[in-house]
Amino acid sequence: MLNRQLSEEECQVLRNCPTQDFESIALIGCILKDDTLVNHARRIIATRNKSNTSLANLAKQLLSPYDEEELIEKISYEFITNTDALNKIDDNIYYTLFSVL
């Protein structure tokens with residue numbers, strides 16, 4: 001599935017998935033090709049997955065071009081400065097990220 005090109009409609013479904021399950025959030029981050037802060041948050045969550053090392057390793061590979069600490073700082077700034085403007089899904093993803101850090 002990770003090698004398959006998703007339609008924009010399929011991507012929107014994944015972006016709007018309200019799951020609170022860590023592994024589902026992580027999997028969505030690895031499937032989506034988005035270069036957004038919220039998707040980076042999903043991938044950072046994935047790197048902390050101890051039960052699915054394949055998913056954790058894929059997430060690490062996808063994040064390799066980025067400095068993880070810098071991403072976390074940007075995500076933290078986004079969360080703090082725009083809390084009221086975040087939708088429920090992004091808010092949940094950020095809360096999940098901060099709980100695993």
Side-chain angles (χ1 to χ4, degrees):
M1 170 131 188
L2 296 177
N3 294 325
R4 180 176 155 316
Q5 182 67 31
L6 299 177
S7 71
E8 184 55 34
E9 184 179 348
E10 290 169 319
C11 290
Q12 275 307 112
V13 168
L14 290 173
R15 287 183 196 109
N16 294 319
C17 181
T19 186
Q20 294 185 8
D21 176 68
F22 288 14
E23 192 161 346
S24 296
I25 291 170
L27 186 58
I28 290 168
C30 291
I31 291 172
L32 290 174
K33 307 288 189 237
D34 295 355
D35 190 29
T36 61
L37 286 179
V38 74
N39 208 52
H40 288 309
R42 288 181 182 108
R43 291 174 180 170
I44 294 169
I45 292 165
T47 66
R48 299 332 195 250
N49 190 316
K50 292 178 178 31
S51 64
N52 188 336
T53 56
S54 295
L55 180 60
N57 289 335
L58 175 60
K60 288 174 187 173
Q61 179 184 8
L62 293 169
L63 286 170
S64 66
Y66 305 96
D67 180 293
E68 186 176 301
E69 290 301 316
E70 187 177 306
L71 284 174
I72 292 169
E73 286 180 29
K74 288 179 181 179
I75 291 166
S76 298
Y77 181 81
E78 172 76 10
F79 180 73
I80 291 168
T81 59
N82 295 316
T83 297
D84 294 335
L86 293 175
N87 65 49
K88 288 182 182 183
I89 294 165
D90 292 358
D91 190 56
N92 176 61
I93 292 167
Y94 291 151
Y95 269 110
T96 302
L97 171 64
F98 299 135
S99 75
V100 299
L101 292 178

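What you see is a predicted model, and the numbers here were worked out from it, not measured in a lab. Numbers here are sequence positions counted from 1.
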Can I get a per-line list of side-chain donor-acceptor pairs under 3.5 Å for residues 88-101, giving both atom names and the distance, sequence neighbours left out?
from, atom 1, to, atom 2, distance (Å)
N92, ND2, T19, O, 3.2
T96, OG1, N92, O, 2.8
S99, OG, T96, O, 2.7

Q) Which heavy-atom pair separates L55 from A26 by the least distance, and what is that distance? A) CD2-CB, 3.7 Å
Q) Around atom CD of E8, are there more than 12 heavy atoms of other residues, nucleotides or ligands at under 6.0 Å? A) yes
(Q) A quick test of your reading: do over 12 heavy atoms of other residues, nucleotides or ligands sit less than 6.0 Å from CD of Q20? (A) no
For [X], all residues meeting side chain to side chain donor-acceptor pair (under 3.5 Å), sequence neighbours excluded:
| X | result |
| --- | --- |
| Q61 | none |
| N82 | E78 |
| R42 | N39 |

Q) Looking only at atom types and distance, does a side-chain atom of E10 sit under 3.5 Å from a main-chain N or O of S7, one as donor and one as acceptor? A) yes
With clusters defined by side-chain heavy atoms of hydrophobic residues (ILVMFWY) lying less than 4.5 Å apart, directly or transitively, does [Y] cluster with [X]?
| X | Y | result |
| --- | --- | --- |
| F79 | V38 | yes |
| I25 | I31 | no |
| L86 | L71 | yes |
| L63 | I28 | no |

**Q.** Selection residues 4-62 - residue pairs positive for ring pair (Phe, Tyr, Trp, His ring centres under 6.0 Å), sequence neighbours left out
**A.** H40-Y66
Q. Quick one: do the S51 and N49 side chains pair a donor with an acceptor below 3.5 Å?
A. yes
**Q.** Point-to-point distance, once rounded to the nearest 0.5 Å, from CG of L32 to CG of L27
**A.** 9.5 Å
Q | salt_bridge(R48, E68) N-O dist < 4.0 Å | A | yes
**Q.** Listed partners of T81 passing side chain to side chain contact (heavy atoms under 4.5 Å, CB included), at least two apart
**A.** Y77
